[in-house]
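Basis for what follows: all heavy atoms, side chains included, without hydrogens, waters or symmetry-related copies. This structure is a prediction, so every number in the text was calculated from the model and none was measured. Both ligands and their constituent atoms are indexed starting at 1 by order of listing. One is the number of the first residue; the rest follow in order along the sequence.
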Amino acid sequence: MDMSRRPRRNRQSKAIRSLVRETHLRADQLVYPLFLLDGEDQAVEIPSLPGNYRLSIDKAKRTVEECMNSNLQSFILFPVIDESLKDSYATYSYDENNVYLRAIRELKTTFPEMCIITDIALDPYSSDGHDGVVKDGGILNDETLPILAKMGLAQAEAGADILGPSDMMDGRVGFIRQTLDEKGFSSTAIMSYTAKYASAFYGPFRDALSSAPKGGDKKSYQMDPANKREALVEAELDDQEGADYLMVKPALLYLDIIQQLDQNFEIPIAAYNVSGECSMVKAAVGNGWLTEEEAMMEMLLSIKRAGANIVISYFAKEAAEWLQKNGS
Ligand code: PBG
C-alpha cells in the first residue's frame with residue numbers, strides 16, 4: 001500500500017497517545033453541585049440522581065473536604081426549602097438565617113480557599129415553582145429583577161465568590177451587577193446562565209428540590225431548544241451587562257452552542273452537565289449497559305473539547321477521584 005499518511009502511527013502506544021492528546025480534564029476546572037438541607041447529620045439520596053444527596057451543612061462540609069482532597073475546589077450550591085417557607089415573591093431567599101446563606105457563611109469560614117458559586121432564581125423559594133414572579137399565569141420580568149438583586153446581594157454578603165443567575169429574565173445581569181457595585185461588592189463575579197434552554201433534562205434536579213412549576217412550563221423565559229443564533233443574542237447582552245462567565249445549559253445536548261460561544265466571546269465559558277444527562281448514564285450503568293467511569297470521563301471530555309473551560313457536573317466528585325488515581 002502506498003500511504004504516506006497513516007494516522008494510526010500517532011495512536012500506537014499509551015505514551016504516544018498522551019503526546020498528541022488535544023484536550024485534558026482537570027479536577028480544578030470541574031464544579032460539583034451541592035443540595036443543602038436544614039438540620040444535622042442528614043444525607044438523603046436523590047432517587048433520580050443516584051450517588052447524589054441532599055446534605056445538611058455538617059455533612060456538606062465532609063463532602064467538600066473529600067473533594068478538596070482530590071483537587072476539586074469549586075462548588076455550586078442549591079437549597080432544599082420547606083414548602084411552608086415558600087411564597088410567591090420568594091422572600092425567604094434573602095432571609096439571612098436560611099439554610100443557603102448559613103451554608104455559604106459556614107463553608108467559607110471552614111474552607112476559605114474553596115470557590116462558592118450560587119444560584120439566583122426564585123424557584124426553590126417560590127410557591128409557584130417558577131424562576132420569576134407569576135401574575136395571571138405569566139412571568140413578570142421587571143418586577144422579578146429587584147428580588148433577584150436582593151438574593152444576589154445576600155449571597156455576596158454571605159461570602160459567595162461567584163453568583164449564578166439561572167432565571168433567564170431579561171436585564172438581570174446588569175441589574176445585579178449594578179446592585180453589587182453600589183453596595184461595595186465589585187469583586188463578586190457573575191456567572192450568567194446565558195443560554196439556558198427549556199429542557200426536559202432538569203427533572204431529577206426539580207425532584208431534588210421539589211421545585212417543579214405548579215402550573216405551566218418555563219418556555220416563556222428559558223430558550224427554545226431549536227435555536228442557536230438566539231444564544232448569541234443572549235451572550236452579547238450578558239457580555240455587555242458585565243457577566244464574567246457565560247454558561248450553556250444543558251451541556252451535552254448543546255455542544256454546538258458551547259462551541260459557538262467559545263468562538264465568539266473572550267470571557268470564560270462554563271457548561272452545566274445537568275441532572276437528566278447524569279441520570280441517563282446512571283440508569284444505563286445500573287442496568288449494566290454502560291461502564292460508568294468510561295462513560296463519565298468521555299462525557300466530561302466532550303464538553304471540554306467543545307470549548308468549555310469549566311464543567312459543572314454531578315460526576316465532578318467521581319471524576320476528580322478518577323483523575324487523582326489515573327492521571328488525565
Ligand atoms: C433553577 C435551576 C434549574 C437547574 C439549575 N437551576 C432547573 C430549572 O430551571 O427548572 C437545573 C439543574 C439540573 O437539572 O441539574 N433556576
Of all protein heavy atoms, the one nearest atom 1 (C) of ligand 1 is D123 OD2, 2.8 Å
Under 3.5 Å, side chain of N273 to main-chain N/O of A251, donor-acceptor pair present? no
Would you say S186's side chain and D181's backbone share a donor-acceptor pair under 3.5 angstrom? no
Closest protein heavy atom to atom 14 (O) of ligand 1, given as residue, atom name and distance to 0.1 Å: S275 OG, 2.7 Å
I'd like to check which ligand 1 atoms, numbered from 1 as shown, lie under 4.0 Å from a non-hydrogen atom of K218. 8 (C), 9 (O), 10 (O)
Where ligand 1 meets Y272 - atom numbers and elements under 4.0 angstrom, heavy-atom basis: 12 (C), 15 (O)
In the protein, which heavy atom is nearest to atom 2 (C) of ligand 1, and how far is it? K196 NZ, 3.3 Å
Evaluate whether atom CZ of R9 has more than 12 neighbouring non-hydrogen atoms of other residues, nucleotides or ligands under 6.0 angstrom away. yes
As an exercise, identify every atom of ligand 1 less than 4.0 angstrom from a heavy atom of D119. 6 (N)
Show me which atoms of ligand 1 lie under 4.0 Å from any heavy atom of A121. 16 (N)
Heavy-atom contacts with R206 under 4.0 Å: which atoms of ligand 1 show up? List them by number with element. 8 (C), 10 (O)
Classify the ring geometry between F78 and Y272 as parallel (under 30°), tilted (30 to 60°) or perpendicular (over 60°). tilted
Considering residues, nucleotides and ligands other than Q263, do more than 12 of their heavy atoms fall under 6.0 Å from its CD? yes
Looking at atom 15 (O) of ligand 1, what's its closest protein heavy atom, distance included? Y314 OH, 2.6 Å
When you measure from atom 16 (N) of ligand 1 to every protein heavy atom, which one gives the shortest distance, and what is it? S166 OG, 2.8 Å
At less than 4.0 angstrom from any non-hydrogen atom of K249, what atoms of ligand 1 do you find? 2 (C), 3 (C), 4 (C), 5 (C), 6 (N), 11 (C), 12 (C)
If we ignore angles and hydrogens, is there a donor and acceptor under 3.5 Å between the side chains of E236 and Q240? no
For the backbone of K228 and the side chain of Q260, can you confirm whether one donor and one acceptor N or O come within less than 3.5 Å of each other? yes
Should the heavy atoms of other residues, nucleotides or ligands under 6.0 Å from CE of M1 be counted, would the total exceed 12? no
Q222, any N or O under 3.5 Å of ligand 1 N or O: yes
List every atom of ligand 1 that sits less than 4.0 Å from any heavy atom of D131, numbering the atoms from 1 in the order shown and giving each element. 16 (N)
Taking atom CD of E298 and atom CZ of R305, what is their separation to the nearest 0.5 Å? 8.0 Å
Of all the heavy atoms in D167, does at least one lie under 4.0 Å from an atom in ligand 1? no
